[in-house]
Every structure is written in C-alpha cells, then in structure tokens.
Protein chains: 2
Amino acid sequence: MSRMNETLLRESNLKITKNRLQILELLQHSSAPMTAEEIYITLREKSNLNVSTAYRILSVFEDKKIVIKHQGCDSKAYYQMFNETHKHYIICSECNKRVDITNCPLCELESKLEKETGYQITGHRLEFVGKCPQCQK
Amino acid sequence: MSRMNETLLRESNLKITKNRLQILELLQHSSAPMTAEEIYITLREKSNLNVSTAYRILSVFEDKKIVIKHQGCDSKAYYQMFNETHKHYIICSECNKRVDITNCPLCELESKLEKETGYQITGHRLEFVGKCPQCQK
DNA sequence: CTAGCTGCAAATCCTTTGCAAGAAA
DNA sequence: TTTCTTGCAAAGGATTTGCAGCTAG
C-alpha cells in the first residue's frame with residue numbers, strides 16, 4: 001500500500017516523492033538486500049532515477065532508520081528495510097547471492113559481552129559464507 | 001623471530017623481501033586487524049614502503065592463506081594473520097575500534113544450515129557493533 | 001514562495017594495474 | 001640471468017558532493 005509509505009515518509013519529516021516511494025516499494029518486495037546500483041538499474045526507466053539520487057535517498061533512509069545497510073565482502077553496500085532487521089545471511093562466495101537464515105542464538109550473548117568489554121552493544125552482524133548450489137558445479 | 005617468517009615465505013614460494021618481513025612482523029604483533037593504509041603509514045619511513053606494494057603484498061598473503069581479510073563497515077579492508085583466524089569482534093560504531101571476543105557458539109550451527117539451504121558453508125563472520133567505552137562519552 | 005529534492009558532472013575514497021627499473025635466487 | 005617485486009603514476013569501482021534547476025508543501 002503506497003498510502004502507508006506516504007505516512008512513513010511524513011512521519012520521518014521527508015517529502016513525498018516518486019523516487020522515494022518507488023525505492024520503498026522495491027525494497028519491501030525484494031526477498032534479498034539490494035545494492036544502490038541494483039535499485040538504480042531497476043528504477044531508472046520507470047522513474048528516471050539517477051544513481052546519486054539513489055545513494056542520497058538510501059543514506060537519508062538509513063539516518064531515519066527506515067532501512068539498514070550491510071557492507072558486503074564484495075565491498076558493495078546492501079540495503080534492506082529496517083523492520084526486517086534482525087536477519088542473518090548465507091552468502092555465496094562465488095556469486096554473492098544471499099539467503100536468509102532464521103533464528104538467532106546470539107542476543108543472549110550480548111549482555112554478557114557488554115560486561116566483559118565495557119562496550120555498549122547496539123547490534124551484531126552474522127553472515128555465513130559458502131557456495132550456493134549453483135556455484136558448487 | 002624473523003627466521004620463522006623467512007621459512008614461511010619460502011614455503012609459500014615467495015621471495016624474501018624487507019617489505020614482506022616487516023608486514024608479517026607488524027601483523028604478528030598487532031593486537032587488532034589492520035588496514036592496508038595503517039600498515040603503510042606504520043612502515044613507510046622504516047621501510048619506505050609504497051601503498052600499492054602494501055596492497056599487493058597483502059593480496060598475495062591472502063591467496064597463500066598467510067593472512068585473512070575482513071571487510072569493515074567503514075568499507076575498508078582489515079587484515080590479520082591467518083592463524084588467528086577464528087576470531088570475532090566487537091566494533092565501535094563511532095571510532096571503528098575492534099576488540100576480540102573469545103569463544104564461538106556457531107560452528108555447530110553450520111552443518112544444520114548446510115542441510116537446510118544446500119549451501120556448502122566454508123565459514124562465517126560474526127561482529128558485534130556498539131560504542132566503546134571512550135566513545136560513550 | 002521556500003525548503004527540500006533532484007540530475008548532472010566532477011570529486012573523493014579505497015583499491016588495482018601497467019610499466020619500467022630494481023632486487024632475490 | 002631469469003623471475004619475481006617494487007615504486008610511481010594513472011586507472012578503476014563504489015560512493016559522495018557542488019551547484020543550479022525543479023517540485024512538494
């Protein structure tokens with residue numbers, strides 16, 4: 001529902017623009033995190049979106065905690081909706097394809113670590129790396 | 001002992017050079033993973049090492065499994081000795097300082113995931129993010 | 001109208017490469 | 001000598017920025 005996204009933008013003090021709505025739609029319907037370039041390529045015709053605009057929108061969304069950003073080992077940044085936040089991935093070392101894993105055994109560990117290290121822990125990143133079925137051939 | 005590192009290089013079919021020995025020494029004595037630039041800055045006077053040489057040496061070391069490379073959220077690559085491999089970190093979201101955490105509850109999870117996803121899992125990356133004691137002020 | 005968005009081109013940051021000179025075996 | 005390493009400068013890919021025009025409110 002595009003109406004919901006308009007509200008989301010309004011509540012974040014952001015103007016409602018076609019680009020922003022389309023990026024939201026896209027990320028909401030994507031089964032995997034996307035790079036800025038993937039988003040740009042998907043939307044450039046439909047919306048004639050520019051790459052730098054894509055980066056700018058994603059960056060604002062990150063500040064407003066609408067999306068979160070992962071740094072992939074391929075040194076590209078991957079973006080996904082914030083509400084799907086607590087997910088982890090298996091990443092193919094050949095093609096960089098990502099697959100979700102459900103269930104996270106780590107949250108409990110966090111408070112223990114806070115005591116041990118003095119860090120104020122705000123989150124964690126867990127990624128498994130391997131070869132996906134296709135790349136195993 | 002620099003003699004050991006000479007053997008290490010010889011066994012990897014690499015010529016023994018001042019730059020390589022100094023980078024090995026440095027990483028062995030560093031308590032945290034280092035970026036190519038940090039290594040370069042530390043060694044440029046002592047060894048008049050060039051940035052691209054640093055990258056090249058680190059890249060060869062990675063191929064030969066002498067070091068491993070992490071991609072940090074600051075989009076810089078961090079290098080450490082391979083033998084210290086199975087470590088995870090807490091990373092300060094302000095200053096990017098890294099602290100080791102001992103003990104890894106995840107290895108068991110891997111085989112379960114292999115069955116579920118069809119991926120051939122070769123490793124994992126686990127990083128906790130938060131604010132280090134200094135940056136909490 | 002005004003603040004906030006956008007496109008475009010140029011700039012920046014990290015990393016890689018081409019090439020010719022230099023050092024190890 | 002032969003092969004591998006290096007320094008330098010230039011190129012590369014991902015991301016950011018300056019600026020002038022545009023658009024939502």
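Please read all numbers here as calculations on a predicted model, not as lab measurements.
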Can you see if the side chain of A/Thr53 gets near the phosphate of C/dG7 - specifically, an N or O under 4.0 Å from OP1 or OP2? yes
Reckon B/Asn19 has a side-chain N or O less than 4.0 Å from the OP1 or OP2 of D/dT5? no
Is there a path from B/Leu43 to B/Met81 through hydrophobic residues (I, L, V, M, F, W, Y) whose side chains come within less than 4.5 Å of each other? yes
For A/Ala77, which contact category applies under a 4.0 Å heavy-atom criterion: base, sugar-phosphate, or nothing? sugar-phosphate
Straight-line distance of A/Asn5 CG to A/Glu25 CD, nearest 0.5 Å: 5.5 Å
Pairwise 5' ranking along DNA chain C for B/Leu14 and A/Asn48, keeping only the more 5' one: A/Asn48
Distance test, side-chain N/O of A/Lys15 to OP1/OP2 of C/dG4, below 4.0 Å: no
Could you give the CG-to-P distance, from B/Asn13 to C/dA24, as a whole number of Å? 18 Å
Relative to the 5' end of DNA chain C, which residue comes earlier, A/Leu49 or B/Gln71, by the nucleotide with the nearest heavy atom? A/Leu49
At under 4.0 Å, does any side-chain N or O of B/Tyr55 touch on OP1 or OP2 of C/dT15? yes
For D/dT6, take OP1 and OP2 only and decide whether either is under 4.0 Å from a side-chain N or O of B/Thr17. yes
So does A/Asn50 get a side-chain nitrogen or oxygen closer than 4.0 Å to the phosphate oxygens (OP1/OP2) of C/dT6? no
Please confirm whether any donor atom in the side chain of B/Arg56 sits under 3.5 Å from an acceptor in the base of D/dG7, or the reverse. yes
Test B/Lys69 against every option in B/Tyr79, B/Phe82, B/Phe61 by the side-chain contact (heavy atoms from CB on, under 4.5 Å) rule and name the one that passes. B/Tyr79
Measure the distance from CG on B/Leu58 to C1' on D/dT6 and round it to the nearest whole Å. 14 Å
Let's see if you can work this out: which of C/dC8, C/dT16, D/dT5 has an atom nearest to the side-chain heavy atoms of B/Lys69? C/dT16
Just N and O in the side chain of B/Ser75: are any of them under 4.0 Å from OP1 or OP2 of D/dT15? no
Is there a path of hydrophobic side-chain contacts, each under 4.5 Å between heavy atoms of I/L/V/M/F/W/Y residues, joining B/Leu26 to B/Ile57? yes
Can you check side-chain contact (heavy atoms from CB on, under 4.5 Å) on A/Thr17 and A/Leu9, steps first, answer last? CA-CA 9 Å; A/Thr17 69; A/Leu9 291 174; 6.0 Å; no
